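See structure below.
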Amino acid sequence: QIFSFLIRIFNKFIFKFKKILIGKGKIIVFYGCDGSGKSTMSDTIFNKLSLIIPTKKAHLGKPFCGSSILNNFIYKSGDNNYLKVKNKKKDKNLFLYIFKTTLLSLLRLISAYFQIFRRNLGINVITDRWPANGYSSIDTPTIYKSHENNFIINLFNSLNLAIYKLIPKADLAIFLDVDLDKIIDRNKNRINSEPEDFIRFRYDQIRSLEIKAKRVIKYKNQKDLSAATNDCLKLILLFINN
């Protein structure tokens with residue numbers, strides 16, 4: 001009775017749902033290369049799913065991005081190059097970059113367990129990123145290479161690895177598989193477009209990562225947005241109901 005009372009309190013005053021599902025919810029991840037449509041797809045499906053069952057939106061790529069402090073310190077444009085440079089030994093701001101990536105790892109860990117908390121209350125979570133197994137990619141621990149045996153660099157490398165090992169698995173990941181030519185074309189139409197060589201590098205890198213999810217479904221995203229959204233929504237509803 002006490003647990004049920006606490007659930008109703010969270011439900012009414014924090015989550016503001018009319019109803020909480022019986023049993024656990026699901027954490028559903030949209031994954032893919034930049035330009036694969038994961039952000040648009042996750043937003044659209046969240047809007048549809050939240051009309052019928054308790055559903056929340058998350059962003060594990062940029063957790064708590066609603067904070068102006070974090071946006072200015074970690075996520076602001078032009079300051080994310082530390083995620084792209086392989087060898088940062090010559091960078092004057094090396095230790096600032098190391099601190100930022102470690103802070104980002106910690107925020108992802110906190111956010112991941114907050115989504116687990118939501119799921120255990122019976123709330124479904126839709127997110128367009130989730131940490132993956134691997135090294136030095138945008139969704140993995142960033143490992144800094146140095147020819148010197150630098151204690152601080154080694155310490156932060158170990159800390160990043162330890163944090164990512166603690167991040168739990170999502171329940172379902174839908175990998176939006178899009179041809180490289182389409183990714184390149186979509187990148188050209190972006191306001192802040194990336195160099196084509198970097199797009200190709202990121203495309204191969206993300207496709208080789210192992211998403212931290214209990215189940216992964218690869219969806220070939222060749223249809224128009226409306227048809228692809230309906231397909232993925234059917235997959236999600238089937239997964240939730242099983």
Side-chain angles (χ1 to χ4, degrees), residues 1-32 36-68 70-71 75 104-132 139 163-164 166-176 211-219 221 223 225-242:
Q1 289 179 341
I2 293 174
F3 180 74
S4 297
F5 174 73
L6 292 175
I7 292 295
R8 289 197 297 272
I9 293 294
F10 275 110
N11 183 29
K12 185 173 181 179
F13 296 105
I14 297 179
F15 297 114
K16 298 181 180 179
F17 288 129
K18 295 179 181 178
K19 182 180 179 182
I20 285 288
L21 292 176
I22 299 174
K24 292 182 179 180
K26 303 291 184 183
I27 297 175
I28 296 130
V29 180
F30 280 93
Y31 210 83
S36 62
K38 59 184 179 298
S39 295
T40 303
M41 184 82 74
S42 61
D43 287 341
T44 304
I45 287 185
F46 163 71
N47 291 333
K48 291 185 176 183
L49 205 60
S50 61
L51 296 175
I52 54 175
I53 53 178
T55 309
K56 284 291 185 179
K57 186 76 168 58
H59 195 326
L60 265 290
K62 297 179 179 180
F64 311 112
C65 55
S67 167
S68 59
L70 292 178
N71 271 322
Y75 306 132
L104 179 59
S105 299
L106 185 59
L107 291 172
R108 284 175 174 169
L109 176 65
I110 295 170
S111 181
Y113 274 98
F114 180 62
Q115 311 319 321
I116 295 293
F117 171 72
R118 284 172 161 176
R119 183 194 68 181
N120 291 341
L121 289 179
I123 299 169
N124 295 291
V125 177
I126 304 291
T127 175
D128 65 353
R129 299 211 86 97
W130 195 266
D139 295 311
I163 289 172
Y164 270 81
L166 293 174
I167 294 177
K169 291 183 177 181
D171 295 297
L172 173 67
I174 299 177
F175 186 93
L176 300 176
I211 308 168
K212 298 190 73 169
K214 298 175 183 176
R215 184 178 178 186
V216 179
I217 297 175
K218 181 179 285 188
Y219 178 79
N221 192 11
K223 300 180 180 180
L225 179 61
S226 178
T229 300
N230 288 334
D231 285 349
C232 290
L233 182 58
K234 291 176 183 177
L235 288 172
I236 289 171
L237 290 172
L238 184 63
F239 179 77
I240 289 174
N241 291 326
N242 285 338

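All residue numbers refer to positions in the sequence shown, counting from 1. Note that these values count all heavy atoms, side chains included, but never hydrogens, waters or copies made by symmetry. None of the values given here were measured: they were computed from a predicted structure.
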request  = For residues F175 and G32, report the shortest heavy-atom separation together with the two atoms involved.
outcome  = CE1-CA, 4.0 Å
inquiry  = Strictly by salt bridge (Lys or Arg N to Asp or Glu O under 4.0 Å), give each pair with a member in residues 44-55 just once, sequence neighbours left out.
reply    = none
note = Interatomic distance, CD1@I123 vs CD1@I53, rounded to 0.5 Å, equals 11.0 Å
ask   = Can you name the residues that form a salt bridge (Lys or Arg N to Asp or Glu O under 4.0 Å) with K214, not counting sequence neighbours?
value = D171
query = Under 4.5 Å between any side-chain heavy atoms of Q115 and W130, yes or no?
reply = yes
ask   = Which residue, I217, N221, I45, T44, forms the side-chain contact (heavy atoms from CB on, under 4.5 Å) with C232?
value = I45
key: Gap separating the CG atom of D231 from the OH atom of Y219, nearest 0.5 angstrom   = 3.5 Å
Working for side chain to side chain contact (heavy atoms under 4.5 Å, CB included), residues R108 and I167 = CA-CA 8 Å; R108 284 175 174 169; I167 294 177; 4.3 Å; yes
ask   = Is atom NZ of K57 surrounded by more than 12 heavy atoms (other residues, nucleotides or ligands) closer than 6.0 Å?
value = yes
query = Which pair of heavy atoms, one from A58 and one from V125, lies closest together, and at what distance?
reply = CB-CG1, 3.9 Å
task = Kindly determine whether M41 and I174 satisfy side chain to side chain contact (heavy atoms under 4.5 Å, CB included), including the steps that lead there.
result = CA-CA 11 Å; M41 184 82 74; I174 299 177; over 6 Å; no
query = Checking R119 side chain against K24 main chain: does a donor-acceptor pair fall under 3.5 Å?
reply = no
query = Is there a side-chain contact between S42 and V29 (heavy atoms, below 4.5 Å)?
reply = no
request  = Using the side chain to side chain contact (heavy atoms under 4.5 Å, CB included) rule, take Y31 and V216 through it: C-alpha gap first, then chi angles, then the decisive distance, then the call.
outcome  = CA-CA 10 Å; Y31 210 83; V216 179; over 6 Å; no
query = Would K38 and R129 count as a side chain to side chain contact (heavy atoms under 4.5 Å, CB included) if you check the C-alpha gap in whole Å, the side-chain angles of each, and the deciding distance to 0.1 Å?
reply = CA-CA 8 Å; K38 59 184 179 298; R129 299 211 86 97; 2.9 Å; yes
key: Closest approach of A112 to L60 (non-hydrogen atoms, all atoms of both residues)   = N-CD1, 3.9 Å
remark   = Nearest heavy-atom contact between A132 and Y164 is O-CD2, 4.4 Å
Check: L107 main-chain N/O paired with S111 side-chain donor or acceptor under 3.5 Å = no
ask   = Which heavy atom in L104 sits nearest to a heavy atom in G61, and how many Å separate them?
value = CD1-O, 3.9 Å
Scan the side chains in residues 234-242 for donor-acceptor partners under 3.5 Å anywhere in the protein, sequence neighbours excluded, and list what turns up.
from : atom 1 : to   : atom 2 : distance (Å)
N241 : ND2    : L237 : O      : 2.9
N242 : ND2    : L238 : O      : 3.1

note = Here the gap from I126 atom CD1 to K26 atom NZ, rounded to the nearest 0.5 Å, amounts to 12.5 Å
key: Inter-residue atom distance H59.NE2 - T127.OG1, 0.5 Å rounding   = 7.0 Å
query = Between atom CZ of F46 and atom CG of L233, what is the distance when rounded to the nearest 0.5 Å?
reply = 13.5 Å
query = Closest approach of I211 and A173, non-hydrogen atoms and distance?
reply = CG2-CB, 3.9 Å
query = In Å, rounded to the nearest 0.5 Å, how long is the span from NZ of K169 to CD1 of I27?
reply = 13.0 Å
